[in-house]
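Notes to accompany the following structure.
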Amino acid sequence: MTIKLYNSLTRKKEVFEPIEEGFVGIYVCGPTVYGHSHLGHAKSYVSFDAIIRYFRYAGYRVRYVQNITDVGHLTDDADEGEDKILKQARKERVEPMEIVEFYTRSYFEDMDALNVQRPDISPHAAAHIPEQIQLIEELLASGHAYEKNGSVYFDVSSYPNYGQLSGRKLEELEEGVRINVNTDKDDPVDFALWKKAEPGHIMKWRSPWGEGYPGWHIECSVMSTKYLGEPFDIHGGGLENIFPHHESEIAQCDAAHHHGFAKYWMHNNMVTVNGMKMGKSLGNAISLKQIFSGDHPLLTQAYDPLTVRFFILSSHYRSPIDFTNDALQAAERGLKRLHGTVKLVRDQLAHAAGGDVLPAAAELIETQTAAFTAAMDDDFNTPKAIAALFDFTKGVNTLLNSGTPLSKQTLAAIDAVYRTLGEDVLGLVPDQLTAEIGGDLVDGLVNILIHLRQQARANKDWATADTIRNRLTELGIALEDRPDGTIWKLTR
RNA sequence: GGCGACGUAGCCAAGUGGUAAGGCAGGGGUCUGCAAAACCCUUAUUCACCGGUUCGAAUCCGGUCGUCGCCUCCA
């Protein structure tokens, strides 16, 4: 199969050709861990998770590197900017590394809930200071950087390709730059590689230029190439980081080594909430913990992490996505229908009789698997892939309702589709579809009630039968009378 | 101001030259003691608007209006 992807660098959809046969090296800009993750993080990391899962499904060996930014990311590009970690540490009155640890754990907790597979390597910027210093030294030696008063800056004018990714021209940048009080820079468009630590700045390291700390862009240049080589296959991240962050990452590596940097650049689009840009200052930023608990003024209810994941994947990664309660509730119902069918298949699988795979089922599997992979091959079109999964599900339901029980082999073949496409690729169909509460005990108790209700129904005692069903419904247990017997499922 | 993306049914969302996927919601039906679930049928002569190219355009080109993003911290 041939995978095509949209390369931000060339602004075209291109056939993916790995640098090394059968291997994909991908780096995605990770979070700066100074606060709980929000919907924007979810959009980005769920999108790339599906992309990486699909590469693996397609047979590639993938190395996925995603950094943890724990130093150097300033609240402001100008020199008066504060380090985000440091600022939060002061606010919470703890050590900066406690902030890093706490929010890193929070981040992975949220990503785990969203069924996002962990990166293969999660390098911390602060753990790669020597490598960053080394690259800065190389840039100084090759004339692409200069030192001023203990800080080192990248000389943008020395790298004519600056602007290749963002499509910006240096002259335009000059005009756009605001009045900058920093007089250390030769040119306002130059950016910091290393910053001198002012008195009282506690996150600092020794360097050839005195005590200081690295600039924000340098960490990604260093950590991506350290673990993936130079050049490497794919660099991903959010659209808003194209400039200056990604542009500068390229400049730093390419200026120093002339090997190029990432072959393909992939950028996910942004999140809005009720049609408006989501931002902390706008008061509409929703954290993942809030959306999972429903504890936010803009939310009318809590949403299951898988609902959030499904919602994100139901639009394309390069499209913006607008979070509204209506849209999330529609997603919730849709996913529920998908899960309902999978559960039915698995329930029947448990006590089905043997037999060949039904030809109609085999054909359905083949058709929809082909539609699914064609969609994913085309720049990871998850909405279209999900549509194939729903077409498949409709067909499965028809088979389940046909009146003749499906063989174990048929059901297993159907379930395999849900396990591979539904779970391995999209991460939407977990092994356990409903929370196990009480286990055998609850199962036994509910079955007693189902049995009593069956007796009442046999006696046409509808009042008793309906009372049992209604009271179970109140408890969150739904009964469904199917031709082959009554089944129950949890509704919450 | 510069750069870029987008505008498809009540809502969400695919489709980028060949006559509108899928999901949610709505309507009708089948099944059921009644439900629920599921299935079947149905819901845009039309893709913001105006021109143009073409045998043919939601899809290409030009313009208008609108929304959003980046240019400054943000995934």
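Here is how names work: the chains are called A, B, and so on, in the same order as the sequence lines, proteins then strands, and each is numbered from 1.
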On RNA chain B, more 5' by nearest nucleotide between A:Arg457 and A:Ala327 is A:Ala327

For RNA chain B, whose closest nucleotide is more 5', that of A:Ser166 or that of A:Thr32?
A:Ser166

With a 4.0 Å cut-off on heavy atoms, is [X] in touch with a base, just the backbone sugar-phosphate, or nothing at all?
X: A:Val271; result: base
X: A:Gly40; result: base
X: A:His316; result: sugar-phosphate
X: A:Asp466; result: base
X: A:Leu479; result: base

[N], OP1 or OP2 - any side-chain N/O from [X] closer than 4.0 Å?
X: A:Ser319; N: B:A14; result: yes
X: A:Asn397; N: B:C39; result: yes
X: A:Lys394; N: B:C40; result: yes
X: A:Arg337; N: B:C24; result: yes

Taking the [atom1] atom of each, how far is [N] from [M], in whole Å?
N: B:A20; M: B:U8; atom1: C1'; value: 8 Å
N: B:U54; M: B:G28; atom1: C1'; value: 42 Å
N: B:C6; M: B:C12; atom1: C1'; value: 16 Å
N: B:C24; M: B:G66; atom1: C1'; value: 26 Å
N: B:C49; M: B:A57; atom1: P; value: 15 Å
N: B:A75; M: B:G62; atom1: C1'; value: 36 Å
N: B:A21; M: B:U30; atom1: P; value: 27 Å
N: B:U42; M: B:U32; atom1: C1'; value: 23 Å

How many Å lie between [atom1] on [X] and [atom2] on [N], as a whole number?
X: A:Lys384; N: B:C12; atom1: NZ; atom2: C1'; answer: 18 Å
X: A:Asn274; N: B:C11; atom1: CG; atom2: P; answer: 15 Å
X: A:Lys277; N: B:U72; atom1: NZ; atom2: P; answer: 13 Å
X: A:His339; N: B:A36; atom1: NE2; atom2: C1'; answer: 19 Å
X: A:Phe243; N: B:C70; atom1: CZ; atom2: P; answer: 14 Å
X: A:Arg318; N: B:A75; atom1: CZ; atom2: C1'; answer: 17 Å
X: A:Arg482; N: B:C39; atom1: CZ; atom2: P; answer: 11 Å
X: A:Asn268; N: B:A5; atom1: CG; atom2: C1'; answer: 14 Å

Any-strand Watson-Crick or G-U partner of [N], both distances under 3.5 Å:
N: B:C70; value: B:G2
N: B:U32; value: none
N: B:G18; value: B:C55
N: B:C65; value: B:G7
N: B:C47; value: none

When you check the side-chain N and O atoms of [X] and [Y], is any donor under 3.5 Å from an acceptor?
X: A:Gln301; Y: A:Asn325; result: no
X: A:Asp481; Y: A:Thr486; result: yes
X: A:Asn67; Y: A:Tyr27; result: yes
X: A:His217; Y: A:His246; result: no
X: A:Ser106; Y: A:Lys289; result: yes

Closest to the [X] side chain: [options]?
X: A:Arg469; options: B:G4, B:A35, B:G23; result: B:A35
X: A:Met270; options: B:G33, B:A21, B:A75; result: B:A75
X: A:Asn401; options: B:C39, B:A75, B:G4; result: B:C39
X: A:Ser44; options: B:A14, B:C34, B:A75; result: B:A75
X: A:Phe311; options: B:G23, B:C12, B:C34; result: B:C12

Hey, is the side chain of A:Arg333 pairing donor to acceptor with the base of B:A25 inside 3.5 Å?
no

Between the base of B:G15 and the side chain of A:Asn381, is one N or O donor paired with an acceptor at under 3.5 angstrom?
no

Strictly distance-based, threshold 3.5 Å: is any side-chain N or O of A:Asn397 a donor or acceptor partner for the main-chain N or O of A:Thr393?
yes

Sort out for me which residue in A:Arg318, A:Lys13, A:Lys384 forms a salt bridge (Lys or Arg N to Asp or Glu O under 4.0 Å) with A:Asp378.
A:Lys13

Within the structure provided, determine whether A:Met266 and A:His235 are in side-chain contact (heavy-atom separation under 4.5 Å).
no

Between A:Trp462 and B:G33, do the rings stack, that is, sit under 5.5 Å apart with planes less than 30° off each other?
yes

